[in-house]
Amino acid sequence: MGTTTEGIRHVRNLIGGTWRPAVSGLTISRENPADTDQTVATCPASAAEDVAEAIAAAKAAAPGWAATDVRERIGIIGRALDILGERAAELATADVLESGKTLAECEGEIARALAATGYQLEIAPGLLYGERSLPSGLDVEMTRSPVGVAALITPWNYPFSAVIRKSVPALVAGNTVVVKPSELTPVTAEITGAALTEAGLPPGVFNLVYGTGQDAGAPLVDDPVPGAISFTGSTRVGLAVARDTGGRDVKVQVEMGGKNPLVILADADLDRAIDAAVSASYTAAGQWCIATSRIIVEEPVFEEFRDRFVARTRQVRVGDGLSEGTDMGPVSSKVQYDKVLSYLRPDTLTGTVLVGGGAHTGEDVANGYYIQPTVVERPDPASALVQEEVFGPVVSLLCATGLDDAIRLANDTSYGLCAAVFTRDTDRARRFAAAVDAGRVGINMPTSVGDHHVPGGGRKNSGRGEYEGAEDGIVFFTHLKPVFIPR
Ligand code: NAD
């Protein structure tokens, strides 16, 4: 593991069971997004040679891990999840410091990720092997063999969750992994590597290589060894990964951005709809793929919804994620801060800013990347604000003349991750669910609804390949090989 000096965690790569710096010796510093005067961590600025070493270690360890009985694999990974559960408070604090989210959000992230991966350990044996007798008189053993080495590339917004939710299904299926976490959030990944090591995972089965996307991510994607690549991140990079691997003998799963619509029909329970809108719009300062970023309200209740939603938005308390009473932390980085504010520039903004509209300032937040929770009424549906993933606490409020118009507006972006509708009319809800282009739909639930017993993914520019999570999340990291035997 790395070292800590003056509160700064110096994280290392984990390659073949050894914690080590980048071959170049170079490092990347991570500032606290809530207080940019504070350095939280440094991590190796790895490059192609570090990635090659990690791939070699994973390749060498692959046959042994694949041959390890699945029960033994589950025992080791389960012990690691227990260790991570015991270290949950430390993980949550590290998560706040590196991602900027609030402590409650980070605690929730960790608990949900441990529950989801624990569930995958339960279902793995039944998925990886099964026997059937066929009407033809044959018996068949349905075996699912590992792909070998899996390359896992993760974003900064849910750093612990993203790493563990890819690693556990890959590992339990018998693969070895090379993980390239976001260079902005190195610490929770290091704790995950330490827990797996302490639990008895053999050297080389779980490898961590830190670095930028260009220097460490791209060589990992280009490497011919991995049999599977699972990427979560922006649509720009995700589409490039899908394109660049096309035609190669590698399974590719790409989870990308969203521009998720919440539709409020005239007969909706507005109390519940407003709760759902506030929570899904401002959690993680809007930096989660399942955030509500467009709210489409049917005309008869537009004004009432608007006024009540704006009043609730004014109550969102912005501050340091570690401070008591904070509802919403800063955005994660200077890049993100500038990007979100660029959508609110008066020279390009269309519509009316009802609340917020810029940086959140004040003595206690002077050194952080704080942005006001913002609602923009009736922006141009063709504008960048409505069409692109802002990934910040900025909501576009649109008015629909009826259900068909709401569906049209909901589908009018290149994304298709998730959607939600509020109505008391079951038929109208079902019509919306059937017509909306989304990987998942909530009825009288927020766009962020989900359950770890169910896989998740996106359509259009939100996803490519098999879904993550639950059964599909394990199946992705395998090849089906039916073995036929005469009865
Ligand atoms: P990003 O695309 O910038 O980076 C994601 C990861 O890819 C990082 O580890 C980065 O270093 C790496 N990377 C960057 N360029 C690369 C390249 N050329 N080759 C290989 N790897 C490269 O995304 P981000 O800003 O870290 O994350 C935010 C995005 O993630 C948002 O768009 C969000 O919607 C998306 N996201 C999606 C889901 C989902 O399940 N659909 C979940 C969380 C986040």
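Every number for a ligand or one of its atoms is a count from 1 in the order of the listing.
The aromatic rings of His452 and Tyr119 are tilted relative to each other, their planes meeting at an angle between 30° and 60°.
In the vicinity of Lys180, heavy-atom distances shorter than 4.0 Å reach the ligand 1 atoms 8 (C), 9 (O), 10 (C), 11 (O). Each of the following atoms of ligand 1 lies closer than 4.0 Å to a heavy atom of Cys289: 34 (O), 36 (N), 37 (C), 38 (C), 39 (C), 40 (O), 41 (N), 42 (C), 43 (C). Within the listing of ligand 1, atoms 9 (O) sit less than 4.0 angstrom from a heavy atom of Ser182. Listed by number with element, the atoms of ligand 1 under 4.0 angstrom from any heavy atom of Met256 are 34 (O), 37 (C), 38 (C), 39 (C), 41 (N). Within the listing of ligand 1, atoms 32 (O), 34 (O) sit less than 4.0 angstrom from a heavy atom of Gly257. Of all atoms in ligand 1, numbered sequentially from 1 with element shown, those under 4.0 Å from a heavy atom of Thr232 are 5 (C), 36 (N), 37 (C), 38 (C), 39 (C), 42 (C), 43 (C), 44 (C). Near Gly217, meaning under 4.0 Å from one of its heavy atoms, ligand 1 places the atoms 19 (N), 20 (C), 21 (N).
Remark: ligand 1 and Glu468 share no N or O pair separated by less than 3.5 Å (distance only, no angle test). For ligand 1, one of its N or O atoms has an N or O atom of Trp156 under 3.5 Å away. Considering backbone and side-chain N/O of Thr154, one or more are found under 3.5 Å from N/O of ligand 1. Among the atoms of Gly233, some N or O lies under 3.5 angstrom from an N or O of ligand 1. Taking only nitrogen or oxygen atoms, main chain and side chain alike, Gln214 does not reach within less than 3.5 Å of ligand 1. Backbone and side-chain nitrogen or oxygen atoms of Gly213 are examined, and one is located within less than 3.5 angstrom of a nitrogen or oxygen of ligand 1.
At a 4.0 Å heavy-atom cut-off, ligand 1 touches Phe391 through the side chain alone. When non-hydrogen atoms are compared, ligand 1 lies under 4.0 Å from neither the backbone nor the side chain of Arg236. The proximity of Tyr158 to ligand 1, defined as any non-hydrogen pair under 4.0 Å, does not occur for either the backbone or the side chain.
Nearest protein neighbour of atom 12 (C) of ligand 1, counting heavy atoms only, is Ile153 CG2, 3.7 Å. Scanning all protein heavy atoms for the shortest distance to atom 16 (C) of ligand 1 gives Val237 CG1, 3.4 Å. Protein heavy atom at the shortest distance from atom 27 (O) of ligand 1 is Pro155 CB, 3.3 Å. Protein heavy atom in closest approach to atom 32 (O) of ligand 1: Glu389 OE1, 2.6 Å. Of all protein heavy atoms, the one closest to atom 23 (O) of ligand 1 is Ser234 N, 3.2 Å.
The pair Glu388-Lys259 does not count as a salt bridge, with every side-chain nitrogen at least 4.0 angstrom from each carboxylate oxygen. Look at Lys251 and Glu466 and you find a salt bridge, because one of the NZ, NE, NH1 or NH2 atoms lies within 4.0 Å of a carboxylate O, short of that distance. Between Glu190 and Arg9 there is a salt bridge, since at least one side-chain N of the basic residue sits less than 4.0 Å from a carboxylate O of the acidic one.
Distances from ligand 1 to the non-hydrogen atoms of Trp288 include no value under 4.0 Å. Distances from ligand 1 to the non-hydrogen atoms of Ala218 include at least one value under 4.0 Å.
Without hydrogens or angle criteria, Thr117 side chain to Ala113 main chain gives a donor-acceptor distance under 3.5 Å. Of the possible polar contacts, one joining the Thr176 side chain to the Ala58 backbone as a donor-acceptor pair under 3.5 Å is found. Side chain of Asn13 to main chain of Tyr210: a donor-acceptor pair is present (N/O by atom type, distance under 3.5 Å, no hydrogens or angles). The backbone N or O of Gly329 sits nowhere less than 3.5 Å from a side-chain atom of Thr326 that would complete a donor-acceptor pair. Judged purely by atom type and a 3.5 angstrom limit, Ser281 has no side-chain atom pairing as donor or acceptor with the backbone of Val278. Although no hydrogens or angles enter the test, the distance criterion places a donor-acceptor pair under 3.5 Å between the side chain of Ser462 and the main chain of Leu417. When atom types are taken as modelled, the side chain of Gln38 and the backbone of Glu31 share no donor-acceptor pair closer than 3.5 angstrom. Between the side chain of Thr39 and the main chain of Ala41, no donor-acceptor pair closer than 3.5 Å is present.
When Asn157, Val221, Leu220 are checked for heavy-atom proximity to atom 44 (C) of ligand 1, Asn157 turns out nearest.
A ring-centre distance under 6.0 Å is found for Trp156 and Phe391.
The neighbour count for Arg20 CZ, taken as heavy atoms of other residues, nucleotides or ligands under 6.0 Å away, is above 12. The 12-atom threshold is exceeded at CG of Asp37, counting heavy atoms of other residues, nucleotides or ligands nearer than 6.0 Å.
For atom 1 (P) of ligand 1, a protein non-hydrogen atom is found at a distance below 4.0 Å.
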